[in-house]
There are 2 protein chains.
Amino acid sequence: MRALVFDGQLRLATVPPPQPQTGQALLKLRRAGICNTDLELVAGLYHFTGILGHEFVAEVEQGPSHLIGQRVVGEINIGCGQCDFCQRGISSQCRNRSAVGIHQHPGAFADYLALSASNLHHVPDSISDDTAVFVEPLAAALQIMEGVHISPRDRIIVLGLGKLGMLAVQVLRLTGADVIGVVRHEKQSQLLSRWGITACTYQDLESERAQVVVDCTGQASGFSDALHLVEARGTIVLKSTYEGLPQVNLTQVAAREIRIVGSRCGPFEAALRLLQAGLVDVESLIEARYPFAAAPDAMQHAGQRGTLKVLLDF
Amino acid sequence: MRALVFDGQLRLATVPPPQPQTGQALLKLRRAGICNTDLELVAGLYHFTGILGHEFVAEVEQGPSHLIGQRVVGEINIGCGQCDFCQRGISSQCRNRSAVGIHQHPGAFADYLALSASNLHHVPDSISDDTAVFVEPLAAALQIMEGVHISPRDRIIVLGLGKLGMLAVQVLRLTGADVIGVVRHEKQSQLLSRWGITACTYQDLESERAQVVVDCTGQASGFSDALHLVEARGTIVLKSTYEGLPQVNLTQVAAREIRIVGSRCGPFEAALRLLQAGLVDVESLIEARYPFAAAPDAMQHAGQRGTLKVLLDF
C-alpha cells in the first residue's frame, strides 16, 4: 500500500499493508487532514519515525462484525488498559500509551490503518467525509471545556487563529460567552465575521480584562500575551505545544492568582453531535485538497504560514 | 516613633507617628514576624521604599469604639472599594490596591500603624501574641484550598519547607490527604516527624505520582521539580514569587494537561479558627526573637539560609 513515511526525510513509500491484531479493525482510508503536529513531527520535534497522520475518516474492512462497512473516525491514543489512568477511563493520559501517527503507532496517511476497534466512532450518514475529518481537532477544541468551567458571563480571548484556534472560537461561542479572536490578517477577520465572532488586533485589547485566554499560538510570545490579557484569578488554557522552553513570569502567575490549564485530546462523541447539529462550520476551514499521491506537496502547502486545513483524498 | 525603614538602605529611624484617616484605626504594635517578602523587598525586588512589615499583632489605640483596646491582626491588602474586584468582594486582587509594608502603604515594623479598620480581625484571648503573628502566613497557606479542591485521596508533595512551606504541610495534612514534605536538612525532618508528616528527599520520589505539588521554593528549579513530580491532570500550586523569569516546559504542561494555580493572600478567619482549635503548630517555627531596637539584626538573622520565623518584640 501507499504510505507517507517520515524517517528523517518525508517520502511517499510503498509498504506492506498492516495485519490487524486481536481487538483491532482494518480501516481503509477515505480522507485525512494535516495538523500542525504532523508538521512538527517532520521538523523533528518528537523524534518520530514511521507513517504520519492522525486526523482521518475511513471505512472498516475487517474487524467486529457490527462495524464492517461503516464509516468511522478514530481516537488517537491507545492505552495499555492496565495503568491507573486507563483504569480511571483516561486512556488519553495512559502512562504507556501510543498515539496514531505520533508516538509508537503507524499513522493514517496510508491506504490502510490497523487500529484498536475500541477507538472507533461511527460517523452518521449526514456528516460528509470533509466534515468528519475535523472530528479529531474539534474534539481537541472541546477539551477546553473539559478542563475549564466556562461561564456565559466570561470574556474569552483566543490567540493563534490557525486550524485549531478557528475551531476553539467556534465551540467557545456556543457557551454564550463574549468571545474575541485576535486576528493578524484579513482571512481570519472574514471567517470570524461570518460566524458573528468579534475580531480584534492584539493592540486593540486592554490588559487584564479577560476571564479566560486560550493560547493556540504555540509560541512563547503568545503565552506572554495571554498573561498580559488575563485578569487576576483568570485562566490561561494552553492548547498547543511550544517550541523550546519559554520564559514565564511565574511571579505574576502566583501574585495575580492566575490558573494555567494544559489541554490535549478531547471527546469525539461531543464533536460528532455538534457537527451533526450543524453548530460548527468546518468546511470553511478547508483551504486545499490533494490526491494522496501528491501528499508531499500537500504537506508543503500546509506548512505555509497562515494556511488552514489541507486535506488528502484517497 | 521608631520604624524599620528601607530606602535603598535598611535602617532603624525615628519618624512621625501616623495620623489615622477616616475609616482607619491606629494600632500600637505588640509583635511582628519577618517574612521572605520583607527580605525580597530589601533585596530591591519590588522597588518599595518606606516602613517594612506585614505580619503582626497589635492593640487598637484609636478607631471604631468596639475595637478600642482589642488585640487585632490585619489583612494586608487595601482595596479601592470601586473596581470590579472590590465589588466582587476580592479586595486582595483590587486593581488599585496598596499592601501594608509591600506596596504604597507603610508597614508594621514600627511602634504604630494606621490601617483601615475593615482590615482588622479580633484575636481571641486564648491565642497568644506569638501565635497570632502567624495568622497572616497561615491564611496564605490556607489559600491553597481556596484555589484547589484537595481530595482526601490525593498524594500531595510540598517543595520548599521554609516559613510558608511548614505551614502549608500542616494545613494540607488536615484534609486527610497523603502529604509528603521534601526535606533538605535535619531540622525539617524533625518538625515533620513531630507532626506525623512523611519526609522524603527529592531523590526518593518517583516521577509523575502526585496529584498536587505545592511549590514554596520560589526557584526555577523548584518549579521544574514540581513538573517532574506531578502526574498527568495534576495540579501545581505556586505559593511563592520567583527570581527572574524561569524557563517552563509549557509543552509538557499542555500535553500532560497539568494545571498551574497561583496562590496569594488568604482567609484570616479560617486561620484564627485553626489556631484557636490548636490544629496547627506555629510556635515550633519560632527560631529567634529580637527586641524591636535590634530589628536590623533580626532581619540579618532571618536572611540566613534555612532560618524559620524570626519575631520582633515591641
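Here is how names work: the chains are called A, B, and so on, in the same order as the sequence lines, proteins then strands, and each is numbered from 1. Being a predicted model, the structure only gives us computed values, none of them experimental. As a basis for the values below, the full set of heavy atoms in this structure was taken, side chains included, without hydrogen atoms, waters or symmetry mates.
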Does any N or O in the side chain of B:Arg233 come within less than 3.5 Å of the main-chain N or O of A:Phe85, such that one atom is a donor and the other an acceptor? no
Show your working on side chain to side chain contact (heavy atoms under 4.5 Å, CB included) between B:Glu257 and A:Glu146 and close with a plain yes or no. CA-CA 11 Å; B:Glu257 300 187 304; A:Glu146 177 76 12; over 6 Å; no
Does CD belonging to A:Gln87 count more than 12 external heavy atoms closer than 6.0 Å?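 Count over threshold, so yes.
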At a 4.5 Å cut-off on heavy atoms, which part of [X] comes close to chain B: side chain, backbone, both, or neither?
X        : answer
A:Ser240 : backbone
A:Gln252 : neither
A:Ile90  : side chain

Rounded distance (nearest 0.5 Å) linking atom CG of A:Leu45 with atom OG1 of B:Thr251: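 If I round to the nearest 0.5 Å, the distance is 8.0 Å.
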Shortest non-hydrogen contact between [X] and [Y], atoms and distance:
X        : Y        : answer
B:Glu231 : A:Arg88  : OE2-NH2, 3.1 Å
A:Val148 : B:Arg259 : N-NH2, 4.4 Å
A:Arg209 : B:Asp84  : NH1-OD2, 4.1 Å
B:Arg97  : A:Ala255 : NH2-O, 4.4 Å

With the threshold set at 4.0 Å, does a side-chain nitrogen-carboxylate oxygen contact exist between B:Arg95 and A:Glu206? no
Option that, when pairs with chain B are counted at under 4.5 Å, heavy atom only, ranks first among A:Val253, A:Ile236, A:Thr235, A:Leu250: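 Max contact count across the listed options: A:Leu250.
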For chain B, the option from A:Leu238, A:Ile260, A:Thr241, A:Ile258 that forms the most heavy-atom pairs under 4.5 Å: A:Ile260
